[in-house]
Each structure stands twice: as C-alpha cells, then as structure tokens.
Amino acid sequence: SPPPSSAFSEVNINTATESQLDSLPGIGPTRASAIVEYRTKHGPFQSIRDIMKVSGIKDGVFSKIKDYITVK
C-alpha cells in the first residue's frame with residue numbers, strides 16, 4: 001500500500017533530476033527533460049505555476065502535479 005501522504009516528499013522542481021520529474025503524474029521523459037532544459041536556460045522557477053511556462057505543460061498537467069511539487 002502507498003505511504004500516507006504526509007510521508008511523501010514533494011519534488012523540488014528547481015533541483016529535481018529528470019528521473020524524479022518523470023515520476024510525477026502526467027510528466028514523462030520528454031517533459032522532464034524540457035523542465036530541466038528550461039531551468040538551465042532561464043534559472044530557477046519562482047513559483048510552482050512557473051512550470052506552465054515550459055513547453056507542453058498546461059493547466060491539465062499542472063492540476064495533476066501541483067500537490068506534488070515545490071520550489072523551496
């Protein structure tokens with residue numbers, strides 16, 4: 001059975017590896033690599049909503065991942 005949600009550690013989208021990003025719902029290898037590439041070019045995300053500036057990540061994907069990501 002999955003661990004209780006309190007045991008889940010959020011993925012920091014500013015420091016996560018591609019494989020950590022890939023583990024998020026709705027984010028596959030292509031989007032994971034796009035996130036890392038965006039971060040490399042533009043610097044760290046200021047808020048979790050900024051992830052929607054990455055190509056291929058729109059409201060639908062954001063709504064699936066917003067509870068699992070952080071920028072802290």
Side-chain angles (χ1 to χ4, degrees):
S1 65
S5 58
S6 61
F8 181 85
S9 63
E10 293 175 311
V11 173
N12 184 326
I13 57 174
N14 285 328
T15 58
T17 62
E18 283 189 38
S19 62
Q20 288 172 310
L21 293 163
D22 187 13
S23 72
L24 292 164
I27 304 288
T30 306
R31 285 179 179 149
S33 109
I35 292 166
V36 171
E37 191 178 318
Y38 182 92
R39 204 169 63 193
T40 305
K41 281 185 187 158
H42 303 280
F45 297 100
Q46 300 303 306
S47 79
I48 63 169
R49 292 196 73 82
D50 283 351
I51 201 163
M52 290 197 288
K53 296 176 180 174
V54 178
S55 172
I57 300 179
K58 302 288 178 253
D59 288 308
V61 173
F62 181 73
S63 67
K64 289 182 196 166
I65 64 172
K66 65 178 169 32
D67 295 332
Y68 301 106
I69 60 175
T70 183
V71 291
K72 295 185 182 74

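The figures here come from the full heavy-atom set of this structure, side chains too, leaving out hydrogens, waters and symmetry mates.
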Task: Contact check, side chains of Val11 and Tyr68, non-hydrogen atoms, under 4.5 Å - done: no

- [ ] Specify the closest pair of heavy atoms between Gln46 and Pro44, including all atoms of both residues, with the distance to one decimal.
- [x] NE2-O, 3.3 Å

TODO: Rounded to the nearest 0.5 Å, what's the gap from CG on Leu21 to CZ on Arg31? Could you check?
DONE: 12.5 Å

Open item on the list: Rounded to the nearest 0.5 Å, what separates atom CZ in Phe45 from atom CZ in Arg39?
Closed with: 7.0 Å

Open item on the list: Which heavy atom of Ala34 sits nearest to which heavy atom of Ser55, and what is that distance?
Closed with: CB-O, 4.4 Å

Task: Residue pair Ile35, Ile57: steps toward the side-chain contact (heavy atoms from CB on, under 4.5 Å) verdict - done: CA-CA 9 Å; Ile35 292 166; Ile57 300 179; 3.8 Å; yes

Task: From Lys66 atom NZ to Ile51 atom CD1, the distance as rounded to the nearest 0.5 Å - done: 13.5 Å

Task: Gap between atom CD1 of Ile27 and atom CD1 of Ile13 - 0.5 Å precision - done: 9.5 Å

- [ ] Give the minimum heavy-atom separation between Pro29 and Glu18, together with the two atoms involved.
- [x] O-OE1, 4.4 Å

- [ ] Drop me the distance from Lys72's NZ to Ile48's CD1, to the nearest 0.5 angstrom.
- [x] 8.5 Å

Task: CG on Leu24 to CD on Glu10, rounded to 0.5 Å - done: 10.5 Å

